[in-house]
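What follows is one structure encoded as structure tokens, with my remarks underneath.
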Amino acid sequence: MTVAPTTEVSRLLREDFDNVLDAWFATQKREGVRRPDLFSDRESRRQLADLLRAFSEALVQIDLDAPVDIEAEAWSELRLALSEITLVRTERGVAPWEMTAFVLALKQPVFEMLQERLIGTPDELLRDAANFGRIVDAFAMHINEYFIAERDEIIERQRAEMMELSTPVVQLWERVLTIPLIGTLDSMRAQEVMENLLNAIVEHSAEVVIVDITGVRVVDTQVAQHLLRTAAAVRLMGAEAIISGISPKIAQTMVELGVDVGEVTTRPTIRAALDEAFRRVGFRIGRVEDNRV
């Protein structure tokens, strides 16, 4: 480990660790970034202690006058602590600006304590305060970028999970599947529908697939093309597609748009589609006779 020249700020964090921690915690409370609705005092102090300890250990390895290289080995422990705390705070709904302010709140108490220690050496005070502020600012920017990336990843994961829930493939009967579509069918969702459907055809050895669009709000040219491409992909897999839920309004719209459904079978209701699907796989639904005397 490289040992850097000892500075007053590095001595401060080692020798007066608990007081710096208390002052940082108090500053966060005063500036409104404490978030007691999400974290207990004990949990917040543990997070601060982990960061402050990592700061203290890094400062004895770097030259404070040198440019801040966040990716340097000396900062690895601090990067790890920041990433762990950011992940927890992102999952609990902390905003990016709050996370940045959470880190920046360290500057004021450290500056005030440095002023007490270096009151007789203003040049050293100015140098140490400026260098420490520069490091904290760099990590505030780093954590903001990391926070946004982490939040975007969570949003994307939640979007994918919601997409799966909104496009369930259901096995209605032996060799018969259905996928009820609700809401808007854009290009991304249409691709998800197609992938889920084709995988289900293989998994269940399906021969007939009912694509029900009763819950689709608007059918325009793009939506119609998505449906036709899905039906064509189903045929390539050796199955047949039936599109159900074609209301009179949707039928009129598709005619006005000049959409040709070609060889795709359509039915007005899922009940009619199910009856057609059973016929194609050799089943028939009939009333059970009551033989009781």
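What you are looking at is a predicted structure, and each value in this text was computed from that prediction instead of being measured.
When the side chain to side chain contact (heavy atoms under 4.5 Å, CB included) test is applied to S40, the partners found at least two apart in sequence or on another chain are R42, E43.
Between F55 and F132, the ring planes are tilted. Angles from 30° to 60° get that label.
Looking at R79, its side chain does come within 3.5 Å of a backbone N or O of A72 through a donor-acceptor pair. Within the 3.5 Å criterion, the main-chain N or O of A81 finds no donor-acceptor partner in the side chain of E84. At least one donor-acceptor pair closer than 3.5 Å links the side chain of R92 to the backbone N or O of L38. The backbone N or O of A23 lies less than 3.5 Å from a partner atom in the side chain of T27, making a donor-acceptor pair.
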- Message: Between D50 and R53, is the salt bridge (charged side-chain N to carboxylate O under 4.0 Å, His left out) condition met? List the steps.
- Response: CA-CA 5 Å; D50 289 343; R53 192 171 296 108; 3.6 Å; yes
- Task: Verify side-chain hydrogen bond (donor to acceptor under 3.5 Å, both in side chains) between S44 and R34, making sure each step is shown before the conclusion.
- Result: CA-CA 8 Å; S44 290; R34 159 68 188 80; 3.2 Å; yes
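Using a 4.5 Å heavy-atom cutoff, the side chains of V209 and E240 are not in contact. Using a 4.5 Å heavy-atom threshold, the side chains of H204 and R175 count as separate. For the pair D69 and W75, the minimum side-chain heavy-atom distance is 4.5 Å or more.
If you chain together hydrophobic residues whose side chains sit under 4.5 Å apart, L21 and L78 fall into the same group. When the side chains of ILVMFWY residues are joined at heavy-atom separations under 4.5 Å, either directly or via intervening members, F17 and V9 end up in a single hydrophobic cluster. L52 and L80 end up in different hydrophobic clusters when Ile, Leu, Val, Met, Phe, Trp and Tyr side chains are linked at under 4.5 Å. Residues I70 and L51 fall within the same hydrophobic cluster, defined by Ile, Leu, Val, Met, Phe, Trp and Tyr side chains chained together at heavy-atom separations under 4.5 Å. Residues V88 and I143 share a hydrophobic cluster, clusters being chains of Ile/Leu/Val/Met/Phe/Trp/Tyr side chains in contact below 4.5 Å.
Side chains of E112 and Q108: a donor-acceptor N/O pair is present below 3.5 angstrom, by distance only. Side-chain contact annotation: R280 with T265, donor-acceptor N/O pair under 3.5 Å present. For N19 and D16, the side-chain atoms include at least one donor-acceptor pair closer than 3.5 Å. Side-chain atoms of D212 and S244 form a donor-acceptor pair, as typed in the model, at a separation below 3.5 Å. Side chains of Q47 and R89: a donor on one and an acceptor on the other come within 3.5 Å. Neither side chain, S83 nor T86, offers a donor N or O lying under 3.5 Å from an acceptor on the other.
I119 CD1: 12 or fewer foreign heavy atoms inside a 6.0 Å radius. The 12-atom threshold is not exceeded at CD of Q115, counting heavy atoms of other residues, nucleotides or ligands nearer than 6.0 Å. The number of heavy atoms from other shown groups lying within 6.0 Å of CD (E73) does not exceed 12.
From R267, atom CZ reaches atom CD of E276 across 4.5 Å, with rounding to the nearest 0.5 Å. For the atom pair CZ (R46) and CG (D41), the distance works out to 12.0 Å, reported to the nearest 0.5 Å. Atoms CD1 and CG, on I246 and L227 in that order, are 7.5 Å from each other to the nearest 0.5 Å. Between the CD1 atom of I210 and the OG1 atom of T178 there is a distance of 5.0 Å, given to the nearest 0.5 Å. Note that the CZ atom of R14 and the CG atom of L59 stand 9.0 Å from one another [nearest 0.5 Å]. The OG1 atom of T100 lies 11.5 Å from the NE2 atom of H142; values are rounded to the nearest 0.5 Å.
What you find for L106 and W24 is that their closest heavy atoms are N-NE1, 3.3 Å. Taking each heavy atom of V94 and R35 in turn, the nearest pair found is CA-NH1, 4.4 Å.
Checked options L197, V193, L177, I242; the residue passing with V211 is L197 (criterion: side-chain contact (heavy atoms from CB on, under 4.5 Å)). If you run side-chain contact (heavy atoms from CB on, under 4.5 Å) between V110 and each of V136, V20, D128, only V20 comes through.
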